[in-house]
Amino acid sequence: MSDLLAVEGLVTTFPGRAPETRIPVVDRVDLRVARGEALALVGESGCGKSMTALSILSLVPKPGRVEAGSVRLAGAELRGLPATALRRIRGARIAMIFQEPATSLNPVQRVGAQVMEAIALHERVSGAEARRRALALFEAVGIPDPEARLRAYPHQLSGGLKQRVMISIALAGRPELLIADEPTTALDVTVQAQILALLRALAADTGVAILLITHDLGVVNEIADRVAVMYAGRVVEEGPRASVLGAPRHPYTQGLLRSMPSRARPGERLAEIPGAVPAADAWPPGCRFAPRCAIAMDVCRVREPEATPLAADAAARCHALVTP
Amino acid sequence: METHVVVNVAIAASVAGLVIGVALLRRSRHTREQLGGIGRRRPVATLALALYFAVAVLDSISWRDGAGAAEPRSIVDRWFPADFAERSYSAPLADVEFYGGAPLAHPGAHWLGTDILGRDVLHLALGGARVALLIGGLTSLLAIPLAILLGVVAGWFGGRIDDTVFFLLSTLASIPSLLLLVALVMVLGTGAVQVCIALAVTSWVSFCRVSRAETLKLRELDYVQAARALGASHARILWRHVVPNLMHLVVITFVLTFSQLVLSEAILSWLGVGIDGSWGQMIDQARDELARDPVIGWNLGAASVALFGLILAVNRVGDAVRDVLDPRTLRELQ
Amino acid sequence: MIAYLLRRLVWGAVTILGVLLFLFWLFVLYAQPEDVARRALGEKAPPEAIAQWLVNHGYDRPAVWNPEAPLDTRLFDHLSRMLRFDFGASDADDAPIAARLRSGIGPTLGVTLPLFAIGLPLSLALALGVAFFRDTYIDRLGVVVCVLAMSVSILLYILGGQFLLGKLLRWFPISGFDPDPGLALRFLALPVFVGVLAGLGSDVRFFRTVFLEETGRDYVRTARAKGAGDARVMLRHVLPNAMIPVLSAVSLTIPFLFTGSLLLESFFGIPGLGSITVEAIQNNDFATLRVMVYLGALLFIAVQVATDVAYTWVDPRVRLE
């Protein structure tokens, strides 16, 4: 199966505290997204999942930069492309929606104009045509009274509506891949479910592949075909949703699942993973999860585990899988 | 009381104020380690500031030699001979007077020449550092404590108190500062202390505004709310929890205000109501020298370079302080 | 929105009242009347002359409270005359202040308007350019030049400009003024040039910070993710948003314009409001100085209120409140 997106050995760094040092926040990450597939990239905040997403589009904020690795879209390398070529991909072939709909829209521009800009950036269309398309997009993402809403400013819309506008901006260029960075985190619970349902329906209708970044395993369950779990800059487990969520092999994934409130039986004390994610400049040698791991062995503190292939299309990065 | 005693006390109080400020600063969680980094980020500017400061302090410590001596002399004054003055202009390192060529009392000794009254320009330029420190120090000493007190109390208690302070703030802020300065100096009278009071009245507004806005923010924070719930008195909370956590903004405002104060005094000197011995006054006295033929430049040059060097060093260090202590919030507050 | 504008108008009125009360305290209550009279008449003025001067200038009346005629006080006199722009006579030579002001407005506008109309677009354009090249050597060089430029006292800009361009190069007349518009231009060129140059450093640096702050915002990332190029992001997204902080900054610099003009006018011999103020300082003319301070504050408050009106036009969040 040919992959739509193939990320290999991606490294993104930021300057460290000491001068002239750089700290990787994304460390040798491999990801694959097939056409029409939804991959969820899961991890706690600070694990590098958002930076991975921004690295794919070369949108890493300065002073961060992508240091190494390859990002291929339908076989074509994106890294090292000149700015103009990248611009033709952003929005047209890979689109992105962000966590904070409140700040991600231009506050002094009408939302209709922002959608129309996304259309006009990639296609030669008349103003009327762009407007008609924007209207259709608003209808497609379920914005009530779309005609009037085109003329609204962002601050006049609710959080859920703003995120729907963001989604319609992302879909304006008819992308093949939609990167959604925590699209529901800033929203109310009821609105979250609506937005997820919308994303699922859009994926089914348009065949767009989705790379969903989230810390919420509930969201993963709703939408993902495959799951990649990130910890401290690295992908530690990857596989189809059923196997990763149903039979997790990495102790970190297991811990994440046990700490989900919905999985707990009434009256049972919720499990937790002791400690916290180490900061990027304090990653331990060996397995980065070892200090918090209940089954850590001596080797875990010394040598980083390789990715161990499990079933078809699944792998985990843990010494316990090799030497039980 | 004699002038040099007043100045000595003022400088001593400024240095003490600086120490108290640093002590308050060290109590805050933001700043302890970060302040040390400024010297490393801006080594040249920090060194230059330290030099200016050292000269200013050395020039502030003055005493009379026995009962008979006419004028008290500072440590810096003592670097130069007591009878160092010439009759009039002489060029740098010259042996004779600039006009007329009469021999000098100290040939080749005036590194930067002498001014129209025969005073050594290097000596005058060094003396300007003391005035600059006096302007910055005494003004801050007058303005900052009161501004913090009013700002914090207004932000904390709100209501009528806040309305009153806000009214005061917007009234004073709406008078263009140079006009306010001039009006105050005219009414208060000229003199170092009066000018500093006038500068304090124009500059306390920004300190008060920052303190008030930050207090409004801090008031809602959990640990402050917790201290309230535990029954701590208002005064205790303000002193232990609020003031230390806004000191970093006060420091940034201070550094950014300092250069404005010194530049404002230069303008006042130009208008004839500045402080004796300042660089602004040297520039003012030298303004006609560019029209002479041949041009006399060393007097103006020395004062300009000294003033420029100080302001540049303060601006550079100020940038570093702002970057280190607070990259964002200050502009949002103002 | 109407409520917002009303609130700002009330704020303006209250602040004007505050300024008037402050001026009353400073010039009428704090300054000793005998002292003012002596400064106006000279140190050796006979006591009768001083007494007569005090009566002529209304100092024989109660300051704040007159139980017999509540309106016959210096406070009421001060407030009502200032609000009616009835400024009376100068302390120095008894000439009417209002007439002098009218003659000064033209030359002052001749300096300040070009200063504003050239300086603001120039510094905005330079700042946008520097911000566009952020994190390159152009940006770093620009910032260093700005810091150097803003560390130079305006006095040195004036002296240097006059010496270099006026005396050495003889491009402009060193100082003077001619009310004939054609000739005035020749005299105004140098002060305007010096004024623009003196303000450029701090303005460019400030506007650059504003632009850079905006480029860090989330909506800029969205625009990039759409596929917008750098120039488009700067001009279509960053610039309109940056206009909000720029507007408030510009409204705050209006009084500095006044300050700069004061020095420029007095040094270049332009008979404007600034020169009138400087003369008032030199002549101990409290009456004129009080009027100048009042007008300066009035201008500032008017600009603030006008800015608040302009917000409703630049920022839809205020307009549609």
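Numbered from 1 within each chain, the chains take letters A, B, ... in sequence-line order. None of these values were measured; they are calculated from a predicted model.
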> Among A92(A), P107(A), A95(A), which residue forms the greatest number of heavy-atom pairs with chain C at distances under 4.5 Å?
Replying inline: P107(A)
>> With a 4.5 angstrom heavy-atom cut-off, is it the side chain or the backbone of L86(A) that approaches chain C, or both, or neither?
In response: neither
> Checking heavy atoms, do the side chain of A83(A), its backbone, both or neither come under 4.5 Å from chain C?
Replying inline: neither
> Is the shortest distance from a Lys or Arg side-chain nitrogen in E117(A) or R232(C) to a carboxylate oxygen in the other one below 4.0 Å?
Replying inline: yes
> So which of A102(A), P175(A), S104(A), G91(A) has the largest heavy-atom pair count under 4.5 angstrom toward chain C?
Replying inline: S104(A)
> So, S55(A) versus T12(A): side-chain donor-acceptor pair below 3.5 Å or not?
Replying inline: yes
>> Heavy-atom cut-off 4.5 Å, strictly under: side chain, backbone, both or neither for V220(C) against chain A?
In response: neither
>> Would the distance check show the side chain of Q109(A) and the main-chain N or O of Y153(A) forming a donor-acceptor pair, the cut-off being under 3.5 Å?
In response: no
>> Is it the case that the side chains of E265(C) and T108(C) hold a donor-acceptor pair, with the cut-off being a distance below 3.5 Å and no angle test?
In response: yes
> Q156(A) versus chain C, heavy atoms under 4.5 Å apart: side chain, backbone, both or neither?
Replying inline: side chain
>> Given 3.5 Å as the limit, does a donor-acceptor pair link the side chain of H122(A) with the main chain of R90(A), or not?
In response: yes
>> Between L121(A) and chain C, with a heavy-atom cut-off of 4.5 Å, which part of the residue counts as in contact: side chain, backbone, both or neither?
In response: side chain
> Within 45° of the six-membered ring axis of F138(A) and under 6.0 Å from that ring's centre, is NZ or CZ of R149(A) located there?
Replying inline: no
